[in-house]
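Heads up: the structure comes next, in structure tokens.
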Amino acid sequence: MLTLEQILDNWKKDCEIDDIELDKSSRETPKLHAKYVELLSQAKLQKHRKEMEFKKLLKDKFMWYNGKMDKTTMDEKGWEYDPFDGLTKPMKSDMDYFYESDPQIQTLQSQIEYWKTVIDTLSDIVSNITWRHQTISNMIKWRQFTSGV
């Protein structure tokens, strides 16, 4: 899967319409559409995978923070035996602070946000490609107008 930066670099090239060979640009539209719809589908699947990974991590962190995780699992994950580092266990209402500041949870949330941004970007690109024929048509009409036809 391409990164957001690579997608944007590709789009900078792909969005150009050759105003000399409008017919060629028009013929390229379905290929561009297929390219970016494929990328969009891959991004949606990647986001879904990250969301499933996040749910699993959240369950594990719940077990860990609430003292319900066994030591073998903590050893496998490389997590400390005491999630509060010697502090008394916080009240249930304060647990959100620990979840929100947990580096592993933040990392996965950041990755999910990244894929949402990729999906939004690709959706905008696909929408632009969908209406590309209209842009080409407007260019042709402008040429006709300026040439007096």
Side-chain angles (χ1 to χ4, degrees), residues 1-70 72-80 83-84 90 92-149:
M1 180 71 200
L2 298 176
T3 65
L4 179 59
E5 186 176 301
Q6 291 169 323
I7 291 168
L8 292 172
D9 286 343
N10 280 345
W11 180 239
K12 285 177 188 173
K13 297 171 199 151
D14 291 343
C15 75
E16 293 180 11
I17 297 175
D18 184 349
D19 61 346
I20 303 299
E21 296 183 33
L22 292 173
D23 59 327
K24 181 182 173 192
S25 292
S26 183
R27 286 192 309 270
E28 289 174 353
T29 300
K31 292 177 190 173
L32 288 175
H33 190 268
K35 173 184 175 179
Y36 288 98
V37 165
E38 181 180 347
L39 290 172
L40 178 60
S41 298
Q42 291 171 355
K44 286 180 178 181
L45 289 173
Q46 190 62 30
K47 177 183 160 266
H48 182 72
R49 283 186 205 106
K50 290 296 177 185
E51 287 172 338
M52 295 300 103
E53 193 178 328
F54 178 75
K55 287 178 181 180
K56 184 177 180 335
L57 177 65
L58 209 52
K59 181 195 114 228
D60 289 345
K61 289 292 183 169
F62 172 83
M63 299 289 283
W64 184 57
Y65 281 121
N66 287 289
K68 297 179 182 184
M69 182 175 279
D70 61 88
T72 306
T73 305
M74 284 186 256
D75 289 339
E76 288 172 3
K77 296 184 177 295
W79 295 352
E80 300 292 324
F84 305 109
K92 191 174 185 178
S93 62
D94 294 334
M95 287 304 295
D96 283 344
Y97 296 112
F98 287 89
Y99 290 121
E100 290 170 4
S101 65
D102 187 285
Q104 290 175 313
I105 290 175
Q106 287 178 340
T107 298
L108 270 177
Q109 286 176 324
S110 175
Q111 291 171 357
I112 291 168
E113 282 305 311
Y114 173 83
W115 287 111
K116 285 180 183 177
T117 302
V118 170
I119 289 167
D120 289 345
T121 301
L122 286 166
S123 295
D124 288 346
I125 290 171
V126 168
S127 177
N128 187 287
I129 292 169
T130 301
W131 291 100
R132 185 179 173 106
H133 71 283
Q134 191 64 43
T135 303
I136 292 171
S137 175
N138 288 342
M139 292 170 78
I140 292 169
K141 289 175 185 173
W142 179 251
R143 279 195 187 155
Q144 291 172 338
F145 175 74
T146 57
S147 66
V149 175

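Bear in mind that the values here come from a model prediction, so they are computed numbers and not experimental data.
Separating the CG atom in Asp96 from the OG atom in Ser101 is a distance of 10.5 Å, to the nearest 0.5 Å. Note that OG1 of Thr73 and NZ of Lys68 are 14.5 Å apart. Values are rounded to the nearest 0.5 Å. Remark: Asn138 CG to His133 NE2 distance equals 9.5 Å, nearest 0.5 Å. How far CZ of Arg27 is from CG of Asp23: 4.5 Å, rounded to the nearest 0.5 Å. The CZ atom of Phe98 sits 15.0 Å away from atom CZ of Phe62, with the distance rounded to the nearest 0.5 Å. Rounded to the nearest 0.5 angstrom, Met95 CE and Glu100 CD are separated by 11.5 Å.
When the options Lys56, Lys55, Lys50 are evaluated for a salt bridge (charged side-chain N to carboxylate O under 4.0 Å, His left out) with Glu53, the one that passes is Lys50. Partner Ile129 forms a side-chain contact (heavy atoms from CB on, under 4.5 Å) with one of Lys35, Glu28, His33 and no other, that one being His33.
With salt bridges taken as basic N to acidic carboxylate O contacts below 4.0 Å, none links Asp18 and Lys24.
Relative ring orientation between Trp11 and Tyr36 is described as perpendicular, the plane-to-plane angle rising above 60° on a 0-90° scale split at 30° and 60°. Taking the six-membered ring where the residue is Trp, Phe84 and Tyr65 present tilted rings, their angle falling between 30° and 60°.
Between the Tyr99 side chain and the Leu58 main chain, no donor and acceptor come within less than 3.5 Å of each other. A donor-acceptor pair under 3.5 Å is formed between the side chain of Thr121 and the backbone N or O of Thr117.
Leu39 is listed as a side-chain neighbour of Met1, based on a closest heavy-atom distance under 4.5 Å. Using a 4.5 Å heavy-atom cutoff, the side chains of Ser25 and Arg132 are in contact. In this structure the side chain of Thr107 reaches within 4.5 angstrom of the side chain of Gln111, judged on heavy atoms. Side-chain atoms of Gln46 and Val118, non-hydrogen and from C-beta on, never get closer than 4.5 Å to each other.
With sequence neighbours excluded, no residue satisfies ring pair (Phe, Tyr, Trp, His ring centres under 6.0 Å) with Trp115. Evaluation of the salt bridge (charged side-chain N to carboxylate O under 4.0 Å, His left out) rule for Lys141 yields no partner, not counting sequence neighbours.
Other residues, nucleotides and ligands contribute more than 12 heavy atoms inside 6.0 Å of the CD atom of Gln134. For Glu80, the CD atom sits in a loose shell: 12 or fewer heavy atoms of surrounding residues, nucleotides or ligands are nearer than 6.0 Å.
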Take Gln104 and Leu108 through the test side chain to side chain contact (heavy atoms under 4.5 Å, CB included) and record every step on the way to the result.
-> CA-CA 6 Å; Gln104 290 175 313; Leu108 270 177; over 6 Å; no
Decide yes or no on salt bridge (charged side-chain N to carboxylate O under 4.0 Å, His left out) for Lys116 and Asp120, but give the supporting numbers first. CA-CA 6 Å; Lys116 285 180 183 177; Asp120 289 345; over 6 Å; no
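A pairwise comparison of heavy atoms in Lys44 and Ile119 identifies CA-CD1, 3.7 Å as the closest pair.
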